[in-house]
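Predicted model only: the values in this text are computed from it and were never measured. Throughout, protein chains are lettered first and strands after them, A, B, ... in sequence-line order, and every chain is numbered starting at 1.
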Protein chains: 2
Amino acid sequence: MDILKQDVEDRLDHFTNVCKAKGIKLTHQRLEIFRKVAETTDHPDAEQIFQRVRKSVPTVSLDTVYRTLWLLRDLGLVATLGVPHERTRFDANLTKHHHFVCTRCGFTRDFYSDDLNKLNLPESVDQFGIVTTTQVEVRGICRECSGKAYTS
Amino acid sequence: MDILKQDVEDRLDHFTNVCKAKGIKLTHQRLEIFRKVAETTDHPDAEQIFQRVRKSVPTVSLDTVYRTLWLLRDLGLVATLGVPHERTRFDANLTKHHHFVCTRCGFTRDFYSDDLNKLNLPESVDQFGIVTTTQVEVRGICRECSGKAYTS
DNA sequence: TTTAATGCAAAAGATTTGCAACATG
DNA sequence: CATGTTGCAAATCTTTTGCATTAAA
């Protein structure tokens, strides 16, 4: 656990309120799954969350973990790293560039900027390892998706 | 095709040279797979590349496409979007932040920077759609992976 | 001719779904 | 009590692997 206890409690309160407001049932499983995600900054995957939740809820199942995580995302309480449900995409552009990514459909395009090529990183980054490249990722909704109604 | 013909030819030449230098066989399939990736800027996935290559090499198989794409990556001729072989990771940090990502193991950590929170994007980005967030993604090799020998 | 690469089919890994039993509001 | 949620098992989807055949060098 690397988040302050108080912050975790605040997040849980927020979750509780959102559920009440939307008429979503507050089950033991949901509470524990959310707690485990809120407690860490290590960006776990579903399997890791499943293993952590199991300690307090031994009967929980992996599919409930998945269902709950997507619910939490739809509620705006957690985000995913990268675009979910996306397959591996390949890039033959070897010149320095940045990306625009549509968070609905995964549409991705390159753009260029001399300014963005020379960003100053805070020193705190060095503690994590050796930096090789820095890229700006712009997230948004592409032209085509803007036209459509949203279906999760 | 949205890359200049000449650039595609240059990239193919480069590929040819790298293969010769490393004693890697230049098969018809490899050439066509690389050509299809080099021709576009739309960041296709393996299935899309497979369908495009099929038009000129009808007997090609999807697993050869995968094997070739990983070969090209190992040769430094293509990159992947996101960390390959990674499962979906979840993030409960709702405050504005940026990421350090280890390209070997997927280790991911947040960092903060007021400067990076207010980047100026080039106008060209607007053509792609509506921007919702901008995030800096720092790629590198984490402390733990730096210690190990590299095994693809 | 030697060795690596291909295509096929089957396997593996991640995530999703149908459905009967169960718990929440 | 009504309805939404769970756990299980089976299904689906993407990517990988073993192996006999084929093609580069």
Next item on the list: Could you tell me the separation between the CZ atom of F50(B) and the P atom of dT16(D), rounded to a whole number of Å?
Entry: 15 Å
Next item on the list: Kindly compute the distance separating OG1 (T108(B)) from CG (D91(B)), expressed to the nearest 0.5 Å.
Entry: 9.0 Å
Next item on the list: Calculate the interatomic distance between L71(B) atom CG and dA4(C) atom P; express it in whole Å.
Entry: 14 Å
Check: To the nearest 0.5 Å, what is the distance between CG (L71(B)) and CG (L75(B))?
Finding: 4.5 Å
Notebook entry, point to check: Backbone N or O of I3(A) within a donor-acceptor pair of the D7(A) side chain at under 3.5 Å?
Noted result: no
Check: Which letters describe nucleotides 20-25 of chain D, given B = protein heavy atom under 4.0 Å from base, S = only from sugar-phosphate, - = neither?
Finding: ----BS
Notebook entry, point to check: Within this structure, what is the CH2-to-C1' distance between W70(B) and dT6(C), rounded to whole angstrom?
Noted result: 19 Å
Item checked: Under 3.5 Å donor-acceptor, R89(B) side chain and G106(B) backbone -> yes
Checklist line | Reported NZ-to-CD distance for the pair K96(B) and Q135(B), which is rounded to 0.5 angstrom | finding: 7.0 Å
Next item on the list: Nearest whole angstrom, please: distance from the P of dT14(D) to the CD of Q48(B).
Entry: 11 Å
Checklist line | Intermediate values then yes/no, side chain to side chain donor-acceptor pair (under 3.5 Å), H43(B) and D110(A) | finding: CA-CA 9 Å; H43(B) 310 301; D110(A) 300 342; 2.7 Å; yes
Item checked: Test item: Q127(A) side-chain N/O and S124(A) main-chain N/O as donor-acceptor pair under 3.5 Å -> yes
Notebook entry, point to check: How long is the line joining CD of E86(A) and P of dA14(C), in whole Å?
Noted result: 18 Å
Check: Will you find, in the side chains of T64(A) and Q29(A), an N or O donor that is under 3.5 Å from an N or O acceptor?
Finding: no
Next item on the list: Round to a whole Å and report the spacing from CD of E32(A) to P of dA23(C).
Entry: 16 Å
Check: Could you give the CD-to-P distance, from E47(A) to dT15(C), as a whole number of Å?
Finding: 9 Å
Item checked: N/O (side chain, R30(B)) to phosphate O (OP1/OP2, dA5(C)) under 4.0 Å -> yes
Checklist line | Straight-line distance of E47(B) CD to Y66(B) OH, nearest 0.5 Å | finding: 7.5 Å
Item checked: Value in whole Å for how far the C1' atom of dT15(D) lies from CD1 of I49(B) -> 14 Å
Check: Contacts to DNA chain D from residues 59-69 of chain B, heavy-atom cutoff under 4.0 Å, which residues?
Finding: L62(B), D63(B), Y66(B), R67(B)
